[in-house]
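See below for the structure under consideration.
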Amino acid sequence: MRVSKLFMTTQREIPADAEIPSHQLMLRSGMIRKCASGIYSFMPIGLRSYKKVENIIREEMDNAGAQELIMPALLTAETYQASGRWEKFGPEMFRLEDRGGRPFCLGPTHEEPFTEAVRDTIKSYKQLPVTLYQIQHKYRDEKRPRFGVIRAREFVMKDAYSFDVDEEGLDKSYQAMYKAYRRIFDRLGLDYTVVDADSGAMGGSGSQEFMVKSPIGEDAICYCDDCGYAANEEKAQCTVPEKDNSEALPMEKIHTPDVKTIEELMAFMNTEPSAFVKTIIYNIDGKIVAVMVRGDREINETKLTNLYDATELTLAAFDDVERVTGAKVGFAGPIGLKEKIEVVMDNEVSSMANFIVGACETDYHFKNVNIGRDFTPDKIADVRNAVEGDACPKCGKPLKMARGTEVGHIFKLGTKYSDALGCVYLDKDGRENTMIMGCYGIGVSRTLAAIIEQNHDDDGIKWPVVAAPYKVIVVPTKVNDEENMSLAENIYNRLIEEGVEVLIDDRNERPGVKFKDADLIGIPLRITVGRRASEGIVEIKYRATGETAEVSVEEALVAVRNLG
RNA sequence: CGAGGUGUAGCGCAGUUGGUAGCGUACGUGCUUUGGGAGCAUGGGGUCGCAGGUUCGAAUCCUGUCACCUCGACCA
């Protein structure tokens, strides 16, 4: 390809609304253009890199025995109604109507249509197992799209679904996907961690996330250096500490005027935040619930959502808090609630004794509160975030924390969807059984951004060879010099004959401009045809290392072949 | 959803007390340049987000609306 003909424009300046390197560089290098918040078009060189990633995924999925197909992105409401997800997805789903007013949506994920397709196609155990996948645009009306294609509203996802006769079969299908995923991310040269994810309310027996380590990652990961345990912060289990068997002291009501925050309360009472239990009032699908965690902990809304199998979970409005507690915000507690609401207590609190809570009365707290004697919670569950230093749920050693971006997720689904949609098969004995499912996703466009996050410098992208839009760029420094230009053309043509993806920067620009652009778009190897063109000597420069050498044309061609 | 902010040329930004729009860059042309985003000259490109209103006159003031961005989703 000739750069003079390439549909591309690079930008010298950093676009004002891009925060992170991958987003800035994708815009500056002309890979993508924004159409609306969280919606991007891919321009030719962006698409080429995107396709590299897509093809690696496709190859490894095919190698693992999965079969590719493609489902509609535009789906009827009925598709999601049988599983209950038409309601459950809530405002994240892009919904629309056809001319007859019939409800449709743009698919956010495709368990249902795949399950239907298998249900309608497969009748016998002889046809199982089967793993199907597609690489397709997905639509989610994110609350807050950000970081370019990392959190977008339209994005490309590879989603796969396995169907097996039993758990043992599911284990095999799942392992095949696990191995395929490792090969994919290994081939892409990503620095990633596989993290155990709790399968939560979805049931099933396992789930793992592939996290690319990155300081700008949206997910926090907990991990244990000792036993190798690793989990998403949202999913990391918190162990129940040893019970505090201190003798229960008499409960006291304490006047705490103008003490609103934990800090003020601790200063006032001269105690640690861990001696306090805060009670937070939530609105869970319209139901008001009180949630109790230790004063220095964070409530994990994912765990709470799973506990209630909820769709919408928000902090309760101030009005609700004041009505339910009969006090100003800041004095909620489990004792003396004015309305009968459910009280959820975190596991950790169950081992505490003689703690402090809000008194459900403005300017008062209770001291020396004890479970059972002073109040009884309706539910006891793990509803807090794990923190650095927590005991590892596997080996008990202290956990560490890091950040990452989720690029892949594999999940043993079980029979949630096959049950709901009647996806069954006949076994050897002619009996009907429900298929056991797994689902496996990779964010393709997001992976592309993750590669850039891990492969860039101040000058631009440093594409790994496998994901580069072109492997080589030939840069003649003087296009008006016949000797210079004809040597460059010669090298260009020979590389094309060898089937190498190559650019020639035939623009009548100054060398500096061409070098800057080559660096920005991140072509792995540059062949500069310059001063010593008449001697048949060119310069090669590797983008990744900055290494340069003056070599003969033949040696340059060898360097290209060795790129891999 | 809450709070704040911004909408003016492809991109980055100015625009004063209201008087009919500018700078840098990018783009076109010419000449000089040619190994790390050149210089000079010249030119094209804007319903100032949109809709109302005030005014002789609005990018500027008022109202509404839309879009986009950031922070927060959290401690009771």
Side-chain angles (χ1 to χ4, degrees), chain A residues 8-20 23-24 27-28 30 33-39 90-91 141-148 256 259-266 273 276-283 290-302 304 312-318 320-322 324-325 327-334 346 356-363 365 383-385 458-460 475-481 484-485 505 507-520 526 528-533 538-539 541 546 548 550:
Chain A
M8 173 193 77
T9 176
T10 55
Q11 282 171 205
R12 186 180 307 200
E13 296 190 69
I14 298 171
D17 51 7
E19 295 281 304
I20 62 167
H23 189 194
Q24 293 171 353
L27 288 167
R28 285 187 56 209
R33 285 179 64 87
K34 186 169 81 170
C35 297
S37 180
I39 302 174
D141 196 357
E142 294 284 348
K143 285 179 193 166
R144 186 137 100 83
R146 64 186 127 174
F147 300 149
T256 51
V259 173
K260 292 202 175 60
T261 66
I262 297 277
E263 290 74 25
E264 287 167 359
L265 185 67
M266 292 314 120
F276 181 76
V277 174
K278 58 190 176 186
T279 306
I280 298 170
I281 312 297
Y282 272 92
N283 182 331
V291 184
M292 301 173 66
V293 293
R294 206 173 86 177
D296 54 343
R297 303 305 192 197
E298 291 179 9
I299 289 185
N300 180 321
E301 295 192 351
T302 303
L304 196 56
E312 288 259 42
L313 179 142
T314 54
L315 286 175
F318 280 17
D320 289 328
V321 175
E322 294 185 1
V324 164
T325 63
K328 285 191 178 163
V329 169
F331 301 96
D346 182 62
I356 302 161
V357 299
C360 289
E361 186 178 337
T362 303
D363 292 342
H365 283 81
V383 291
R384 72 172 175 96
N385 277 340
D458 289 345
D459 290 320
V475 179
T477 56
K478 293 179 190 170
V479 295
N480 296 323
D481 179 315
N484 182 308
M485 199 57 198
D505 197 344
R507 295 176 298 172
N508 186 13
E509 287 286 354
R510 298 165 63 84
V513 173
K514 299 185 185 186
F515 295 156
K516 285 287 184 188
D517 275 344
D519 287 350
L520 178 59
R526 188 180 85 202
T528 308
V529 180
R531 300 186 197 93
R532 300 180 67 187
V538 298
E539 181 200 73
K541 179 169 186 181
T548 64
E550 294 214 320

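First the proteins, then the strands, lettered A, B, ... as listed; each starts at 1.
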All N/O pairs under 3.5 Å across the protein-nucleotides 41-44 of chain B interface:
none

Pairs under 3.5 Å (N/O, protein and nucleotides 26-31 of chain B):
{"unit_1": "B:rA26", "atom_1": "OP1", "unit_2": "A:Arg12", "atom_2": "NH2", "d": "2.7"}

Please write out each protein N/O paired with an N/O of nucleotides 69-71 of chain B under 3.5 Å, distance rounded to 0.1 Å.
{"unit_1": "B:rC69", "atom_1": "OP2", "unit_2": "A:Ser37", "atom_2": "OG", "d": "2.9"}
{"unit_1": "B:rU70", "atom_1": "OP2", "unit_2": "A:Arg144", "atom_2": "NH1", "d": "3.4"}
{"unit_1": "B:rC71", "atom_1": "OP2", "unit_2": "A:Arg144", "atom_2": "NH1", "d": "3.4"}
{"unit_1": "B:rC71", "atom_1": "OP2", "unit_2": "A:Arg144", "atom_2": "NH2", "d": "2.7"}

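In this structure, CD1 of A:Ile280 is placed 13 Å from C1' of B:rA73, rounded to the nearest angstrom. As rounded to whole Å, 13 Å separates atom P of B:rA38 from atom CG of A:Asn508. If you take CD of A:Gln11 and P of B:rG12, they are 7 Å apart, rounded to a whole angstrom. For A:Ile14 and B:rU25, the CD1 to P distance is 18 Å, given to the nearest whole Å. Rounded to a whole Å, the CG atom of A:Asp458 is 14 Å from the C1' atom of B:rG36. Here the C1' atom of nucleotide B:rG10 and the CE atom of A:Met8 are 15 Å apart, to the nearest Å. One atom, CG of A:Asn480, and another, P of B:rG35, lie 13 Å apart when rounded to the nearest Å. We find that CG of A:Asp505 is positioned 13 Å from C1' of B:rG35, with the value rounded to whole Å.
Residue contacts shown for A:Thr325 are absent, as no nucleic acid heavy atom lies under 4.0 Å away. Residue-level contact check: A:Gly358 touches neither bases nor backbone, having no heavy atom under 4.0 Å from any strand. A:Leu27 comes within contact range of no nucleotide atom at all, as no heavy-atom separation falls under 4.0 Å. Counting any heavy atom pair closer than 4.0 Å across all strands shown, A:Asp481 reaches no nucleic acid atom. When heavy atoms are screened at a 4.0 angstrom cut-off, A:Lys478 is found touching the sugar-phosphate backbone but no base atom. Within 4.0 Å of A:Asp519, counting heavy atoms only, lies at least one base atom of the nucleic acid. Nucleic acid contact for A:Arg526: base, since at least one base atom lies under 4.0 Å from a heavy atom of the residue.
Taking each heavy atom of A:Pro15 and A:Gln24 in turn, the nearest pair found is CD-O, 4.5 Å. When all heavy atoms of A:Glu142 and A:Pro145 are compared, the pair lying nearest together is O-CD, 3.8 Å. The heavy-atom pair separating A:Lys34 from A:Asp17 by the smallest distance is NZ-OD2, 3.2 Å.
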*In sequence, state the C-alpha distance, the side-chain angles, and the governing distance for A:Val513 and A:Phe515, and then conclude on side-chain contact (heavy atoms from CB on, under 4.5 Å).*
CA-CA 5 Å; A:Val513 173; A:Phe515 295 156; over 6 Å; no
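Look at the C1' atom in both B:rU47 and B:rG43: the space between them is 23 Å, to the nearest Å. Using atom C1' as the reference point in both B:rG22 and B:rU16, the two lie 14 Å apart (nearest Å). Between B:rG7 and B:rA14, the two C1' atoms lie 15 Å apart (nearest whole Å). Straight-line distance between the C1' atoms of B:rA59 and B:rA38: roughly 35 Å, to the nearest whole Å. The C1' atoms of B:rG49 and B:rC69 are separated by 15 Å, rounded to the nearest whole Å. Between B:rU70 and B:rG28, the two P atoms lie 33 Å apart (nearest whole Å). Atom name C1', nucleotides B:rU60 and B:rU8: the rounded distance is 11 Å, in whole Å. Annotation: B:rA26 and B:rG12 have their C1' atoms spaced 11 Å apart (nearest Å).
Scored by the ring-ring contact (aromatic ring centres under 6.0 Å, His included) test, A:His365 finds A:Phe276, A:Phe331 as partners (sequence neighbours excluded). Among residues two or more places apart in sequence or in another chain, the side chain to side chain donor-acceptor pair (under 3.5 Å) test is passed with A:Glu13 by none.
Counting only Watson-Crick and G-U wobble pairs whose two key distances fall under 3.5 Å, RNA chain B forms stems of three or more stacked pairs at B:1-7 with B:66-72, B:10-13 with B:22-25, B:27-32 with B:38-43, B:49-53 with B:61-65.
A donor-acceptor contact shorter than 3.5 Å links the side chain of A:Lys514 to the backbone of A:Arg507. A donor-acceptor contact shorter than 3.5 Å is absent between the side chain of A:Thr279 and the backbone of A:Val291. A distance-only check finds a donor-acceptor pair linking the side chain of A:Asn484 to the backbone of A:Val529 [under 3.5 Å].
Here the nucleotide nearest the side chain of A:Glu298, chosen from B:rG37, B:rA76, B:rC74, is B:rC74. Closest approach to the A:Glu301 side chain among B:rG35, B:rC74, B:rG24 is made by B:rC74 (side chain taken as heavy atoms from C-beta onward). With B:rG36, B:rC11, B:rG37 as the candidates, the nucleotide lying closest to the side chain of A:Glu13 is B:rC11.
Comparing A:Phe276 and A:Phe515, the nucleotide of RNA chain B nearest to each residue sits closer to the 5' end for A:Phe515.
Ion pairing of A:Lys516 with A:Asp459 is present here, as a side-chain N (NZ or NE/NH1/NH2) and a carboxylate O approach within less than 4.0 Å. With salt bridges taken as basic N to acidic carboxylate O contacts below 4.0 Å, one links A:Arg532 and A:Glu550.
Interatomic distance, A:Arg531 CZ to A:Asp481 CG, rounded to the nearest 0.5 Å: 13.5 Å. Remark: A:Asp517 CG to A:Arg28 CZ distance equals 9.5 Å, nearest 0.5 Å. If you take CG on A:Asp505 and OG1 on A:Thr477, they are separated by 11.0 Å, rounding to the nearest 0.5 Å. The distance from the CG atom of A:Asp363 to the CD atom of A:Glu361 is 9.0 Å, given to the nearest 0.5 Å.
Side chains of A:Arg526 and A:Thr528: a donor-acceptor N/O pair is present below 3.5 angstrom, by distance only.
Two residues are said to be in side-chain contact when any heavy atoms from C-beta on lie closer than 4.5 Å; A:Asn480 and A:Asn508 meet this criterion.
Below the 3.5 angstrom threshold, one finds no donor paired with an acceptor across the side chain of A:Asp459 and the base of B:rG36. At a cut-off of 3.5 angstrom, the base of B:rG36 holds at least one donor-acceptor pair with the side chain of A:Lys541.
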